Amino acid sequence: MSWNDLRKVLATTVLSLVMLASMGIAPVGASETMDIRSSCWTSSRLSDDLVTVVNSPRRWTCGDRTYSLDGERTLLRFEIGPHDVLPRYLFSRRSALVAMHLLAIDRDGEMRQTSLPAGELLSALSGGYFKAPLPDVTHDTRQVVVAFDLPSHRMTLERAYLSSSDLAMGPEHLRSLLLLATLAGMLFIPVIFNAAFYRILGEPFLLWHSLLTISLLLTILVSSGLAVVLFDPPAMTLSWMTTVIFGVTVASGAMFTHSFIEPGRMHPLLRRALLVCAAWAMFLSLSHAAFPFVGRSIQSTIYTAAFAPVVIIFILSVADALRRGSRAAKFQAIGYTPVIMAGLVRLATGVVPWLESNDAMLLFYTGCLCEALFTALGVADRFMTIKRERDSARFEADVLERLSERDALTGLLNRRAIEQNFDKLRAEGYRTLAVLDLDHFKSINDVHGHVVGDAVLKAVAEALQADPQVHAFRLGGEEFVLLVRGEDGQARVDRRRRAIPLVVANTVPHLGRPVTASMGVADTSTNADVDFAELYEQADKLLYEAKLSGRNRTRGTLVQGSKSYVEPGFGTSTKSPECFRSPKTAPGDVRQ
């Protein structure tokens, strides 16, 4: 399957799951027909007598659900109708508070009261809600009053309701949990991809995307009934966990965008601003989770509003990257859109006093799906792009490496190539080394010019006929080296030397004289431990002997430690190599 086909399949899967989520993940709450919502509210100090406040009709505000957190204690009154199913629990959205007091008031004025510290509140199967058991509610009960000590979020007051039971594990609820579990499971796929890609690329954006995906997974767990089904933590534990995980999600999203957008595809100020956004998000979340009552009456509003610059910078960063032609930003624009929309809904409803707070969970769940999969597609696309770039760079480096080992004029390998690869070649059986030098080459340059001299060097390279058994090198000037393997190595290099006059004559006519070469050949056995410098020195000394003996000939000998062998048909020397270490003739007098 091609990469384009894979993208189409994943995109189709995403759209299908979004449609399923839209149809199947309804707001998980109790049936509206069985809920009892508050009708009146009031506030008081913690030192005020609770019964006195409840029995003070003038203190209650009815018909206006614009709740205030200015008071230390906020009271909600629920009217129990004659046809209502008797409630057993209070349910409301999780947020930090100190304690709760629940009163059941009968027609004759009798009151039954229970109090619960925040740490004893239980998590409800309804995602993001806690539950508290009511005092005995009978058919004589006409009112239930719930008092929240130091509530920290208006949503706790706005979403409070009474119900006869927690959610039943019926087909609808099971379907919702199954879809959420499927969504959570799908978030593992990008993490697995990232782990595989990171081993190859080592790019930091893969780590940040993994952290982002894991934080989205944890958000789904703690904000839905899955956490209650799996490990049932206390409600207040889930409350501060939700706050901290939200900060990690925003911070990792900022860091992912910072490192994911290609270099040069985002304004440097915006890229640096994303770093500030990451630190700012973590500071806000940790401080809000650790100190929820410092500025309680306005803290949740300020906390929500403080994320507005983060959202703006996210939007500007992606927009700027799109304007600059970023491929990565195209995937992020699609993946982030539902999450950004959910964030804007939370901002608007959390900051504007007359709007009821809305966390847009359905939109958020859809955003989790889109963000995880579309950015995973972007990561995969970026992986392929980086891989192509690295492959291209590696190819170019290999080409440059090969060029650095080639003589530009003749195309033969150069001295660098033989020095770097000598041990490897020797291990492959190349044990014969010949040093060849053209006779009287300086006179060709002097008489015919360097252009003709270069043509002669090219013809010599052709005559040396490199093949799988022979490697030819040009060390510089008119000096060449042959490295040969096989039992007849010395004979083969001498045949190449003898071919030089004919090849040069055919290639460069009108020279007026043949071009010959002198050569020294050194050979070593398989077991002899000889490096390039030593073997070259032996061959070079034999080359000097060939020059001194009249040129246009080959001199060969064996390095100490190898068995005696002399190729018949060309000149040989049986002298020890030691006798050539101090030749009487200077190099300038011989190599011409």
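Since this is a predicted model, take the numbers as computed values, not measurements.
A distance of 12.5 Å separates CG in Leu322 from CZ in Arg327, rounded to the nearest 0.5 Å. Atom CG of Leu344 sits about 6.5 Å away from atom CD1 of Ile340, to the nearest 0.5 Å. Distance check, rounded to the nearest 0.5 Å: CH2 of Trp240 to OG1 of Thr243 gives 9.5 Å. Here Leu316 contributes atom CG and Arg323 contributes atom CZ; the two are 11.0 Å apart, rounded to the nearest 0.5 Å. A distance of 14.5 Å separates CD in Glu203 from NE2 in His209, rounded to the nearest 0.5 Å. In this structure, CD1 in Ile418 is found 5.5 Å from CG in Leu433, a value given to the nearest 0.5 Å.
Listed by first and then second residue, the ring-ring contact (aromatic ring centres under 6.0 Å, His included) pairs involving residues 445-465 amount to none (not counting sequence neighbours).
Between the side chain of Asp531 and the backbone N or O of Glu534, at least one donor-acceptor pair lies under 3.5 Å. Formation of a donor-acceptor pair under 3.5 Å by the Asp488 side chain with backbone atoms of Ala491 is not found in this model. Judged purely by atom type and a 3.5 angstrom limit, Arg497 has no side-chain atom pairing as donor or acceptor with the backbone of Val493. No donor-acceptor pair under 3.5 Å is formed between the side chain of Ser285 and the backbone N or O of Met282. Panel note: side chain Arg474, backbone Gly477; a donor-acceptor pair is recorded below 3.5 Å. Checking side-chain atoms of Arg265 against main-chain N and O of Arg324 turns up a donor-acceptor pair under 3.5 Å.
Taking each heavy atom of Val508 and Val456 in turn, the nearest pair found is CG2-N, 4.0 Å. Nearest heavy atoms, Ser326 versus Ala329: OG-N, 3.0 Å. Summarising the geometry of Ser224 relative to Ile220, their closest heavy-atom pair is OG-O, 2.6 Å, with the distance given to 0.1 Å. Minimum interatomic distance between Lys547 and Asp439 (heavy atoms only, all atoms of both residues): NZ-OD1, 2.9 Å. Shown here for Ser215 and Val248, the closest heavy-atom pair between the two residues is CB-CG1, 4.0 Å. Contact between Met519 and Ala434 at its shortest, heavy atoms only, is SD-CB, 3.7 Å.
Residues Leu436 and Ile500 meet the side-chain proximity criterion, which asks for heavy atoms closer than 4.5 Å. Between Pro501 and Val515, the closest side-chain pair of non-hydrogen atoms is not below 4.5 Å. Leu464 places a side-chain heavy atom less than 4.5 Å from the side chain of Leu482. With contacts defined as side-chain heavy-atom distances shorter than 4.5 Å, the pair Val484/Gln490 does not qualify. The side-chain heavy atoms of Arg496 and Val470, taken from C-beta on, include a pair separated by under 4.5 Å. Side-chain contact between Arg271 and Thr257 is absent, with no heavy atoms from C-beta onward closer than 4.5 Å. Between Asp446 and His440, every side-chain heavy-atom pair lies at or beyond the 4.5 Å cut-off. Thr242 is not listed as a side-chain neighbour of Phe246, based on a closest heavy-atom distance of 4.5 Å or more.
With salt bridges taken as basic N to acidic carboxylate O contacts below 4.0 Å, one links Lys541 and Glu537.
Note that Arg415 lies in the cation-pi zone of Tyr536, set by a 6.0 Å cut-off to the ring centre and a 45° limit from the axis.
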Next on the checklist: One pair to check against side-chain contact (heavy atoms from CB on, under 4.5 Å): Val339 and Thr249. What are the steps and the verdict?
Outcome noted: CA-CA 11 Å; Val339 175; Thr249 301; over 6 Å; no
Next on the checklist: Assess the residue pair Phe480 and Leu475 against the criterion (side-chain contact (heavy atoms from CB on, under 4.5 Å)); give the C-alpha distance rounded to whole Å, side-chain angles, the decisive distance to 0.1 Å, and a yes or no.
Outcome noted: CA-CA 6 Å; Phe480 297 83; Leu475 268 63; over 6 Å; no
Next on the checklist: side-chain contact (heavy atoms from CB on, under 4.5 Å), that's the test. Do Thr507 and Lys458 meet it? Break it down for me.
Outcome noted: CA-CA 9 Å; Thr507 307; Lys458 292 179 182 180; over 6 Å; no
Checklist entry - Should Thr410 and Asp407 be marked as a side chain to side chain donor-acceptor pair (under 3.5 Å) after you check the CA-CA gap, both sets of side-chain angles, and the distance that decides it? => result CA-CA 6 Å; Thr410 63; Asp407 173 56; 2.6 Å; yes
Next on the checklist: Between Thr554 and Asp494, does the side chain to side chain donor-acceptor pair (under 3.5 Å) criterion hold? Intermediate values first, please.
Outcome noted: CA-CA 7 Å; Thr554 295; Asp494 190 60; 2.5 Å; yes
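No donor-acceptor contact under 3.5 angstrom links the side chains of Arg485 and Thr432, judged on distance only. Defined by atom type and a distance below 3.5 Å, a donor-acceptor pair is missing between the side-chain atoms of Arg555 and Ser518.
Between Phe314 and Tyr336, the gap from one ring centroid to the other is short of 6.0 Å. For His471 and Tyr430, the gap between ring centers is short of 6.0 Å. Two rings, from Phe283 and Trp280, have their centers less than 6.0 Å apart. Between Phe422 and Phe473, the gap from one ring centroid to the other reaches at least 6.0 Å.
Partners of Asn445 under the side chain to side chain donor-acceptor pair (under 3.5 Å) rule, at least two apart in sequence or in another chain, do not exist in this structure. Here Leu275 pairs with Met255, His258 under the side-chain contact (heavy atoms from CB on, under 4.5 Å) rule; sequence neighbours left out.
Annotation for Met341: atom CE does not count as buried by contact number, only 12 or fewer foreign heavy atoms lying within 6.0 Å.
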